[in-house]
Amino acid sequence: MAEFKKSEINIEVVLDENKVPEELYWSADDGAIYKEEAKAMMLSMWDSKQQETLRIDLWTKDMPIDEMKKFFHQTLVAMSDTFNRATQDEKMTATMKDFCDYFAEKLELKQ
């Protein structure tokens, strides 16, 4: 029987006394990444049995609002790209990209 390679991604969250994230770090052995600091994260996992998305959304209390807006915009653009790769639905991808442009325009993110 073939042996499968395993890869591990770790997330470390440092909380204050009120259990609010103060620091976020992530590590990925395959990417030679060890305890890289982050200010926010969104993790989504698909539960096929329950047919629902399981999510963890965290951000540190010192995450600036302007950076959060950029983070959301870039995440939406990445989701559009992933949706296209996963479904090859060009029409819906174009619609999603239009929304990303609208989002960036309304938040004045594009120069």
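For the numbers below, each heavy atom of this structure counts, side chains included, while hydrogens, waters and symmetry mates do not.
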Would you indicate whether the side-chain heavy atoms of D89 and K91 approach each other to under 4.5 Å? yes
So, K35 and E37, do they make that salt bridge, N to O below 4.0 Å? no
Can you tell me how far apart SG (C100) and CG (L76) are? Round to the nearest 0.5 Å. 5.0 Å
Please tell me whether S7 and D30 have a donor and an acceptor in their side chains that are separated by less than 3.5 angstrom. yes
side-chain contact (heavy atoms from CB on, under 4.5 Å) assessment of F72 paired with M42: CA-CA 10 Å; F72 263 81; M42 291 184 206; 3.4 Å; yes
Does I9 have more than 12 heavy atoms from other residues, nucleotides or ligands lying within 6.0 Å of its CD1? no
Could you walk me through whether K70 and L109 pass side-chain contact (heavy atoms from CB on, under 4.5 Å), step by step? CA-CA 7 Å; K70 289 177 190 174; L109 297 177; 4.0 Å; yes
For V77 and Q74, what are the C-alpha separation, side-chain angles and deciding distance, and is it a side-chain contact (heavy atoms from CB on, under 4.5 Å)? CA-CA 5 Å; V77 170; Q74 292 176 15; 5.6 Å; no
Would you compute the distance between atom CH2 of W26 and atom CG of N10 and round it to the nearest 0.5 angstrom? 11.0 Å
Here the pair of heavy atoms bringing M63 nearest to F71 is CE-CB, 4.2 Å
Could you point out which residue of M79, E90, M92 forms a side-chain contact (heavy atoms from CB on, under 4.5 Å) with N84? E90
Just do the side-chain contact (heavy atoms from CB on, under 4.5 Å) check on D62 and K39 with the steps written out, would you? CA-CA 8 Å; D62 67 341; K39 294 290 181 188; 2.9 Å; yes
Can a donor-acceptor pair be found, under 3.5 Å and without considering hydrogens, that links the side chain of N18 to the backbone of V20? no
Can you confirm whether the side chains of Y25 and E23 place a donor and an acceptor under 3.5 Å from each other? yes
Can you tell me how far apart OG (S27) and CD (E8) are? Round to the nearest 0.5 Å. 9.5 Å
Quick one: CG on L43 to CE on M45, what's the gap to the nearest 0.5 Å? 6.0 Å
Side-chain contact test, heavy atoms from C-beta onward, threshold under 4.5 Å: evaluate it for L15 versus P21 and give yes or no. yes
Any V13 side-chain heavy atom under 4.5 Å of L58 side chain: yes
So does R85 get a backbone contact from the side chain of Q88, meaning a donor-acceptor N/O pair under 3.5 Å? yes
To the nearest 0.5 Å, atom CD1 of I65 lies from atom CG of L107 at 11.0 Å
Between the CE atom in M68 and the NE2 atom in H73, the distance rounded to the nearest 0.5 Å is 15.5 Å
Between M41 and L24, is any pair of side-chain heavy atoms under 4.5 Å apart? yes
Write down the atom of M96, the atom of F83, and the distance for their closest heavy-atom approach. SD-CD2, 3.7 Å
Any carboxylate oxygen within less than 4.0 angstrom of a Lys/Arg side-chain nitrogen, looking at K61 and E22? yes
